[in-house]
Trainee: 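One structure, pasted below without further comment.
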Amino acid sequence: MGPFIRTGQIVLDANVLLHLYRVTPAAREQILATLLEVQGRIWIPHQAAVEFHRNRTSVVRARLGTFREVRQSLKQATNNAVAEIRKAVVRFRTLQQSSMTGRDWDPDANGLDELSIHRRIDGVMDGALAELARIEAEHDLGPDDIRRDDPVLGRLDAITAGRVGQPYSSERLQKLVEEAILYRFPSEIPPGYRDTDSKENPYRAAGDYILWRQVLDHAKAYARGQLLVLVTNDAKEDWWILDDKGRPKSGRPELKQELFDCSGAVMAQMMLSNFLEQVAEYYPDQISPDTVSQVRESELAAQIDAEISASSLDSRLDLMKLSPTVLEHLVRQLLEAMGYEAFITRATHDSGFDIDAIRPTSGSERERTLVEVKRYRSVVSPETVRALYGTLQDENADQAMIITTSWFASSSKVFAQGKSLTLVEGTELLALLREHLGIEAIIPERRKRPTGDT
């Protein structure tokens with residue numbers, strides 16, 4: 001990648017520019033300083049500039065909305081805990097009365113009235129609320145800042161002055177939208193065909209193709225036979241070859257070929273985090289490893305939010321539309337709501353499980369559970385179940401769990417009996433999401449479940 005970073009023209013997508021609002025001020029300064037270093041080779045498609053200006057306020061609002069939702073969730077957790085304790089006391093009181101004991105036992109006299117419970121657990125979330133406030137303070141921009149005097153916009157304007165492409169005429173836009181909607185997207189020619197159902201109108205659906213057409217035209221006019229770096233954080237399959245977890249692995253070869261056929265230019269395609277990592281080799285004083293890590297984490301968070309939003313149907317989440325990576329993170333959230341500390345294993349991890357989950361037991365003891373997540377439409381094979389049990393023994397863990405959107409063969413259930421192995425089928429997963437996260441989800445289009453073993 002060295003020649004691309006040292007000499008290639010650098011094309012930035014809108015989602016890359018919008019990422020400046022998702023990171024901390026320190027990381028933002030490093031990214032802007034890096035862009036300034038390569039300023040002479042930067043080019044912004046006009047469509048990217050349009051989408052940047054259209055979405056920058058909503059990105060900030062979404063970030064602040066997440067803080068509000070988490071804060072409310074932490075506060076509500078105390079009330080929920082009180083309600084659960086009171087519910088348990090009522091059940092106990094019913095049992096106590098039905099046991100015909102002669103003792104008169106009063107919950108209120110034992111400090112189990114609602115007010116007393118509130119007093120005893122008051123402040124239990126103070127530490128989490130204080131840390132949330134510190135995290136929020138690290139992000140310095142709000143919607144009012146964006147409207148009044150957006151410092152990010154000012155810096156970007158200075159860096160990209162004279163480096164933004166020209167707009168297309170209305171007639172050209174109409175033809176490109178028709179080409180995208182009527183020909184390219186039904187034929188699944190990248191990019192943009194995954195936006196057909198998620199955008200509100202044909203013009204918005206064709207946005208990625210309009211941007212790509214502008215890249216092609218720019219390369220044909222100004223970058224013939226040169227190297228070109230396309231930096232985009234659009235993580236969908238219509239831009240990238242995805243790995244088996246749904247993570248971007250390499251740019252779509254059709255895009256590279258189309259660009260080469262059009263202009264003779266050779267293209268490298270990168271996410272922002274990969275671009276910064278590569279640039280850091282040549283400008284080590286500008287980009288720190290912490291900034292690269294922060295950007296990579298925020299890219300994943302943005303991918304999760306985008307997929308969950310695009311996969312929701314009538315406020316219900318379609319689990320089968322989630323990539324394996326996003327489903328794993330949803331299961332991680334579920335496990336944490338169930339009392340575990342849960343960690344996604346590294347992308348390079350190859351030990352046979354997706355999530356390492358730890359849960360306190362008695363005293364200082366901690367129980368380790370290895371969790372494998374399977375987004376399947378048909379039966380999970382017995383071999384998969386046996387393989388995880390082998391991993392459980394190799395890792396010397398306490399428990400293992402397979403969570404799937406489908407179901408298990410009867411032979412797998414027999415095998416799991418009496419072992420530290422839990423099998424969670426799709427119907428149970430839906431119930432757990434509803435109970436612990438308040439998420440209404442669906443698993444449509446599953447293959448017909450066989451009546452016998454499989």
Side-chain angles (χ1 to χ4, degrees), residues 19 22-23 66 70 73 128 131 135 233 235-237 240-249 271-274 277 289-311 317 319-360 366-376 380 384-385 387-392 394-406 421-424 426 428-429 432-433 436-437 439 441:
H19 230 77
R22 292 190 172 100
V23 296
T66 300
V70 173
S73 176
E131 177 61 15
I135 295 172
N233 277 355
K236 300 191 304 299
E237 69 174 42
W240 299 90
I241 298 294
L242 306 179
D243 65 15
D244 59 356
K245 296 294 186 181
R247 296 175 296 238
K249 183 170 63 174
M271 301 281 284
L272 176 59
S273 57
N274 299 120
E277 195 170 44
D290 286 345
T291 291
V292 174
S293 297
Q294 184 183 145
V295 170
R296 188 162 282 132
E297 288 296 322
S298 62
E299 286 171 344
L300 177 59
Q303 179 187 355
I304 291 171
D305 291 343
E307 280 198 31
I308 288 179
S309 176
S311 302
L317 180 62
L319 298 185
M320 298 309 296
K321 288 186 177 180
L322 300 179
S323 68
T325 292
V326 173
L327 182 60
E328 286 172 12
H329 280 266
L330 182 63
V331 170
R332 177 189 60 78
Q333 293 177 24
L334 171 62
L335 292 169
E336 290 180 345
M338 294 170 64
Y340 292 88
E341 292 180 67
F343 308 92
I344 301 288
T345 57
R346 297 190 307 274
T348 56
H349 193 90
D350 192 27
S351 293
F353 59 97
D354 300 313
I355 301 172
D356 213 336
I358 309 295
R359 182 163 61 178
R366 290 158 64 85
E367 181 180 85
R368 183 186 180 205
T369 301
L370 311 181
V371 182
E372 183 78 358
V373 182
K374 295 296 184 184
R375 192 202 60 174
Y376 282 0
V380 177
T384 298
V385 176
L388 182 61
Y389 185 66
T391 302
L392 165 69
D394 291 342
E395 292 280 332
N396 197 28
D398 302 291
Q399 300 282 335
M401 183 187 305
I402 301 181
I403 299 177
T404 183
T405 53
S406 60
L421 185 59
T422 302
L423 307 180
V424 179
E428 185 179 356
L429 173 59
L432 290 171
L433 289 171
H436 294 281
L437 292 178
I439 292 176

Trainee: Quick one: salt bridge (Lys or Arg N to Asp or Glu O under 4.0 Å) partners of Glu336, sequence neighbours excluded?
Mentor: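 With sequence neighbours excluded, Glu336 shows a salt bridge (Lys or Arg N to Asp or Glu O under 4.0 Å) to Arg332, given in chain and number order.
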
Trainee: Grab the two heavy atoms, one from Leu388 and one from Phe353, that are nearest each other, plus how far apart they are.
Mentor: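 For Leu388 versus Phe353, the nearest heavy atoms are CD1-CB, 4.2 Å.
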
Trainee: Between atom CD1 of Ile358 and atom CG of Asp356, what is the distance when rounded to the nearest 0.5 Å?
Mentor: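 Here the rounded value is 5.0 Å.
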
Trainee: Going by the rule side chain to side chain contact (heavy atoms under 4.5 Å, CB included), which residues pair with Thr422 if we only count those two or more places apart in sequence or in a different chain?
Mentor: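 Residues passing side chain to side chain contact (heavy atoms under 4.5 Å, CB included) with Thr422: Met401, Val424.
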
Trainee: Within this structure, what is the CG-CG distance for the pair Leu392 and Leu370, rounded to the nearest 0.5 Å?
Mentor: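 Between atom CG of Leu392 and atom CG of Leu370 there are 6.0 Å.
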
Trainee: Taking side chain as C-beta onward, heavy atoms only, is Leu334 less than 4.5 Å from Leu429?
Mentor: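 They are in side-chain contact.
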
Trainee: For Glu131, check side-chain hydrogen bond (donor to acceptor under 3.5 Å, both in side chains) against everything at least two apart and list the hits.
Mentor: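 With sequence neighbours excluded, Glu131 shows a side-chain hydrogen bond (donor to acceptor under 3.5 Å, both in side chains) to Arg134, given in chain and number order.
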
Trainee: Restricting to side chain to side chain contact (heavy atoms under 4.5 Å, CB included), what partner residues turn up for Pro248, sequence neighbours left out?
Mentor: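 Pro248 satisfies side chain to side chain contact (heavy atoms under 4.5 Å, CB included) with Ala235, Trp240, Leu242, Met271 once adjacent residues are dropped.
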
Trainee: Donor-acceptor check, side chain of Thr345 to backbone of Asp354, threshold 3.5 angstrom: yes or no?
Mentor: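 At least one qualifying donor-acceptor pair exists.
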
Trainee: Using only atom types and a distance under 3.5 Å, with no angle test, would you say the side chain of Thr384 pairs donor to acceptor with the backbone of Val380?
Mentor: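 Absent.
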
Trainee: Measure across Asp244 and Pro324 and return the closest heavy-atom pair with its distance rounded to 0.1 Å.
Mentor: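 That would be O-CG, 3.4 Å.
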
Trainee: Which pairs, with at least one residue in residues 289-300 and sequence neighbours excluded, count as a salt bridge (charged side-chain N to carboxylate O under 4.0 Å, His left out)?
Mentor: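 Output for this query lists Glu277-Arg296.
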
Trainee: If you define the side chain from C-beta out and look only at heavy atoms, does anything of Val326 sit under 4.5 Å from Ile308?
Mentor: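 The answer is yes, as the side chains (C-beta and beyond) meet within the 4.5 Å cut-off.
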
Trainee: Which atoms form the tightest heavy-atom contact between Val295 and Val23, and what is the distance?
Mentor: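 The pair with the smallest heavy-atom distance is CG2-CG1, 4.2 Å.
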
Trainee: With sequence neighbours excluded, what pairs up with Asp398 under the side chain to side chain contact (heavy atoms under 4.5 Å, CB included) test?
Mentor: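 Partners of Asp398 under the side chain to side chain contact (heavy atoms under 4.5 Å, CB included) test: Glu367, Arg368.
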
Trainee: Do Met320 and Arg375 have side-chain heavy atoms sitting under 4.5 Å apart?
Mentor: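 In short, these two side chains touch, coming nearer than 4.5 Å.
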
Trainee: Heavy atoms only: give me the nearest His19-Asn233 pair and the separation to one decimal.
Mentor: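 In terms of heavy atoms, the two residues are closest at ND1-ND2, 3.4 Å.
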
Trainee: Report the residues that fulfil side-chain hydrogen bond (donor to acceptor under 3.5 Å, both in side chains) with Thr369, sequence neighbours left out, ordered by chain and then residue number.
Mentor: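 Once residues adjacent in sequence are excluded, Thr369 has no partner under the side-chain hydrogen bond (donor to acceptor under 3.5 Å, both in side chains) criterion.
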
Trainee: So which heavy atom on Leu437 is nearest to which on Ala337, and how close?
Mentor: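 So the two residues come closest at CD2-CB, 3.8 Å.
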
Trainee: Should Val373 and Thr405 count as side-chain neighbours, where that means a heavy-atom distance under 4.5 Å?
Mentor: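 No, too far: nothing below the 4.5 Å cut-off.
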
Trainee: For residues Ile402 and Val385, report the shortest heavy-atom separation together with the two atoms involved.
Mentor: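 Distance-wise, the nearest heavy atoms are CD1-CA, 3.7 Å.
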
Trainee: Any chance you could measure Leu330, atom CG, to Ile304, atom CD1, to the nearest 0.5 Å?
Mentor: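 Reported to 0.5 Å precision, the distance equals 9.0 Å.
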
Trainee: Please identify each residue that fulfils ring-ring contact (aromatic ring centres under 6.0 Å, His included) with Tyr340, with sequence neighbours left out.
Mentor: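 Tyr340 satisfies ring-ring contact (aromatic ring centres under 6.0 Å, His included) with no residue once adjacent residues are dropped.
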
Trainee: For Ala441, give me all partners under side chain to side chain contact (heavy atoms under 4.5 Å, CB included), at least two apart in sequence or on another chain.
Mentor: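 In terms of side chain to side chain contact (heavy atoms under 4.5 Å, CB included), with neighbours along the sequence ignored, Ala441 is linked to Leu317, Leu319, Leu430, Leu433, Ile439.
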
Trainee: List the residues meeting side-chain hydrogen bond (donor to acceptor under 3.5 Å, both in side chains) with Gln333, not counting sequence neighbours, and say none if there are none.
Mentor: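 So Gln333 forms no side-chain hydrogen bond (donor to acceptor under 3.5 Å, both in side chains) with any residue.
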
Trainee: Tell me, do Ile403 and Val371 make a side-chain contact under 4.5 Å, heavy atoms counted?
Mentor: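 Contact flag for Ile403/Val371 side chains = yes.
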
Trainee: Residues in salt bridge (Lys or Arg N to Asp or Glu O under 4.0 Å) with Glu372, at least two apart?
Mentor: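 Glu372: salt bridge (Lys or Arg N to Asp or Glu O under 4.0 Å) contacts with Lys374.
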
Trainee: Between Lys245 and Glu328, is the salt bridge (charged side-chain N to carboxylate O under 4.0 Å, His left out) condition met? List the steps.
Mentor: CA-CA 9 Å; Lys245 296 294 186 181; Glu328 286 172 12; 2.7 Å; yes

Trainee: Which residues pass the side-chain hydrogen bond (donor to acceptor under 3.5 Å, both in side chains) test with Glu307, not counting sequence neighbours?
Mentor: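 Expected list: Gln303, Ser323.
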
